[in-house]
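Encoded as structure tokens, the structure appears first; notes follow it.
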Amino acid sequence: MNRRKRCAACYREFNKKEHLVEHMRTSLHSAHDPRCGVCGKHCRSLDALRDHLTGALPKPECAAAFASRGCPLCLHVVLPPTAAAHSCPAAAPPLGGVLALGCKMVGAGSDGSLDVCARVCVVDEQERVVLDTFVKPHIPVTHYRYDTTGIRPEHLRDAMTPKQAARRVQELLLNGEAAWKARSSRGRARILVGHGLDHDLESLGMDYPEYLKRDTARYPALMKTSNSRLSNSLKYLTLAYLGYHIQLAGRHHHPYDDCVAALRLYRRMRGARPHTCRDAGVGPHAPPPTPAEAFPAWRQRELERMSPEELLQLSTSDYYCWCLDASATD
């Protein structure tokens with residue numbers, strides 16, 4: 001088969017060049033994709049890259065190289081001269097202007113299935129607690145879920161209301177910035193990190209600008225390999241990409257552990273790979289260009305004359321890569 005019809009990113013092959021162009025239009029490969037350190041293949045997520053290296057049917061030469069020189073946490077394949085000096089992104093230095101939020105829920109409603117927030121923890125970039133408080137829900141608690149939360153009725157008797165807790169969290173996040181200004185430009189407002197942030201914020205009755213949220217449950221590179229982009233649990237992500245266990249069975253789950261895990265995952269993804277940040281020109285925290293801007297239909301004939309490598313250079317990511325946070329502040 002003509003090699004010009006082979007995708008330069010994922011190596012899929014096509015009978016016609018127009019099919020390759022359509023593939024590039026919909027797949028949105030970019031420099032921000034997780035990539036194999038041996039063959040250079042672009043993968044949709046880190047789970048997909050792990051399958052490529054260690055799955056049931058890995059690519060043999062890549063699997064062999066990874067087995068001898070690969071890091072099981074960051075999935076890099078380290079070249080022999082630098083193997084001893086490998087610094088895993090999972091152990092990256094602390095960040096600035098970042099807070100992590102974690103909430104613990106108890107049950108309300110007739111069957112205790114309604115989640116209501118009963119504890120809030122906020123951790124700074126140095127992994128220090130800046131807020132840790134119980135929260136007394138507005139509606140009666142019918143299931144304290146003590147086995148996992150460790151929360152008892154007496155903990156909530158004189159606790160903050162959800163509105164008071166939300167106000168305190170918002171003050172920490174805005175960092176002296178006016179709320180209206182934080183929605184138009186970052187200023188002094190802090191980046192908010194967490195896992196399932198929308199659920200936590202909803203339980204507090206508050207919101208926060210989308211462009212300042214970094215949710216490890218919704219970040220494409222950390223999601224499952226299926227095209228539906230299903231979320232992985234924080235417990236799985238922490239073990240797979242940080243190398244330790246959280247939320248152990250038979251123990252109470254402290255929201256501090258969730259905050260630190262999410263913060264470390266964000267740190268690991270922010271410095272995940274020294275890829276070329278061509279998208280940095282869109283400006284800090286700006287959304288990525290739309291697919292139509294990269295591959296407009298009126299350029300179809302011109303696109304079909306391009307090589308696979310040129311098509312890849314033209315392609316852009318369909319999500320905001322967290323590495324751009326580092327490029328915006330470095």
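Atom CG of Leu57 is surrounded by 12 or fewer heavy atoms from other residues, nucleotides or ligands within 6.0 Å. Glu202 CD: 12 or fewer foreign heavy atoms inside a 6.0 Å radius.
In this structure, a donor-acceptor pair under 3.5 Å is present between the side chains of Asp111 and Ser113. No donor-acceptor contact under 3.5 angstrom links the side chains of His253 and Thr148, judged on distance only. Between the side chains of Gln313 and Glu309, no donor-acceptor pair is found at a separation under 3.5 Å.
Contact detail for Leu303 and Pro296: the closest heavy-atom pair is CD1-O, 3.9 Å. Closest heavy-atom contact between Tyr244 and Arg264: OH-NH1, 3.3 Å. Cys74 and Arg268 get closest at one heavy-atom pair: CA-NH2, 2.9 Å. Residue Arg188 comes nearest to Glu177 through the heavy atom pair N-OE1, 2.7 Å, listed as atom of the first residue, atom of the second, then distance. Shortest non-hydrogen contact noted between Gln247 and Asp258 is NE2-OD1, 3.1 Å. Closest non-hydrogen pair, Gly109 versus Leu114, comes out as N-CB, 4.5 Å.
With values rounded to the nearest 0.5 angstrom, Met206 atom CE is found 5.5 Å from Leu173 atom CG. Between atom OG1 of residue Thr316 and atom CG of residue Leu28 there is a gap of 6.0 Å, rounded to the nearest 0.5 Å.
A cation-pi contact, defined as under 6.0 Å to the ring centre and within 45° of the axis, links Arg152 to Tyr146.
Hydrophobic clustering of Ile, Leu, Val, Met, Phe, Trp and Tyr side chains at less than 4.5 Å, counting indirect connections, keeps Val141 apart from Met160. Under a hydrophobic-cluster definition in which Ile, Leu, Val, Met, Phe, Trp and Tyr are linked whenever side-chain heavy atoms come within less than 4.5 Å, directly or via other members, Val135 and Tyr144 are assigned to different clusters. In the hydrophobic clustering of this structure, Leu263 does not group with Leu239; members are Ile, Leu, Val, Met, Phe, Trp, Tyr whose side-chain heavy atoms approach within less than 4.5 Å, directly or through other members. In terms of hydrophobic clustering, with Ile, Leu, Val, Met, Phe, Trp and Tyr side chains grouped at heavy-atom distances under 4.5 Å, Tyr256 and Leu131 are assigned to a common cluster. Leu311 and Trp298 end up in different hydrophobic clusters when Ile, Leu, Val, Met, Phe, Trp and Tyr side chains are linked at under 4.5 Å.
Between Lys104 and Asp257 there is no salt bridge, since no side-chain N of the basic residue sits under 4.0 Å from a carboxylate O of the acidic one. Between Arg119 and Asp132 there is a salt bridge, since a side-chain N of the basic residue sits under 4.0 Å from a carboxylate O of the acidic one. Looking at Glu22 and Arg25, a side-chain N of the basic residue comes within less than 4.0 Å of a carboxylate O on the acidic one, giving a salt bridge.
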| query | Could you go step by step and tell me if Leu49 and Cys36 meet the side-chain contact (heavy atoms from CB on, under 4.5 Å) rule? | reply | CA-CA 7 Å; Leu49 176 57; Cys36 174; 4.0 Å; yes
| request: Go through Arg44 and Asp51 one step at a time and tell me if the salt bridge (charged side-chain N to carboxylate O under 4.0 Å, His left out) criterion holds. | output: CA-CA 11 Å; Arg44 191 61 174 164; Asp51 284 345; over 6 Å; no
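Between the side chain of Thr216 and the backbone N or O of Gly194 there is at least one donor-acceptor pair closer than 3.5 Å. When atom types are taken as modelled, the side chain of Ser315 and the backbone of His29 share a donor-acceptor pair closer than 3.5 angstrom. At distances below 3.5 Å, at least one donor-acceptor pair connects side-chain atoms of Asp215 with backbone N or O atoms of Gly196. Counting only distance, with no hydrogens or angles, the side chain of Arg214 and the backbone of Tyr211 share a donor-acceptor pair below 3.5 Å. Lys224 contributes no side-chain N or O that, together with a main-chain N or O of Ser45, makes up a donor-acceptor pair within less than 3.5 Å. Arg168 places no side-chain N or O within 3.5 Å of a backbone atom of Thr133 that could act as its donor or acceptor partner. No donor-acceptor distance shorter than 3.5 angstrom exists from the side chain of Asn175 to the backbone of Arg190, with no hydrogens or angles considered. Glu302 places no side-chain N or O within 3.5 Å of a backbone atom of Arg299 that could act as its donor or acceptor partner. One N or O on the side chain of Asn232 and one on the backbone of Leu222 form a donor-acceptor pair closer than 3.5 Å. Judged by distance alone, with hydrogens and angles left aside, the side-chain atoms of Arg6 form no donor-acceptor pair with the main-chain N or O of Pro308 at under 3.5 Å.
For Tyr11 and His42, the gap between ring centers reaches or exceeds 6.0 Å.
In this structure, the side chains of Leu201 and Asp207 stay at 4.5 Å or more apart for every pair of heavy atoms. For the pair Met105/Asp200, a side-chain contact is recorded, criterion being any heavy-atom separation below 4.5 Å from C-beta on. With a 4.5 Å cut-off on side-chain heavy atoms, Cys103 and Leu204 count as touching. Between Ile151 and Arg145 there is no side-chain heavy-atom pair separated by less than 4.5 Å. Put simply, the side chain of Leu197 does not reach to within 4.5 Å of the side chain of Tyr208, judged on heavy atoms. In this structure the side chain of Leu53 reaches within 4.5 angstrom of the side chain of Cys62, judged on heavy atoms. Within the 4.5 Å cutoff, the side chain of Leu192 has no heavy atoms near those of the Leu212 side chain. By the 4.5 Å heavy-atom criterion applied to side chains, Leu312 and Met24 are counted as neighbours.
Partners of Ala67 according to the side-chain contact (heavy atoms from CB on, under 4.5 Å) rule, which considers only residues two or more places apart in sequence or in another chain, do not exist here. For Phe134, the ring pair (Phe, Tyr, Trp, His ring centres under 6.0 Å) test picks out His155, with sequence neighbours left out.
Results of the ring pair (Phe, Tyr, Trp, His ring centres under 6.0 Å) test with Tyr266 over Tyr241, Tyr219, Trp322 single out Trp322 as the only residue that passes.
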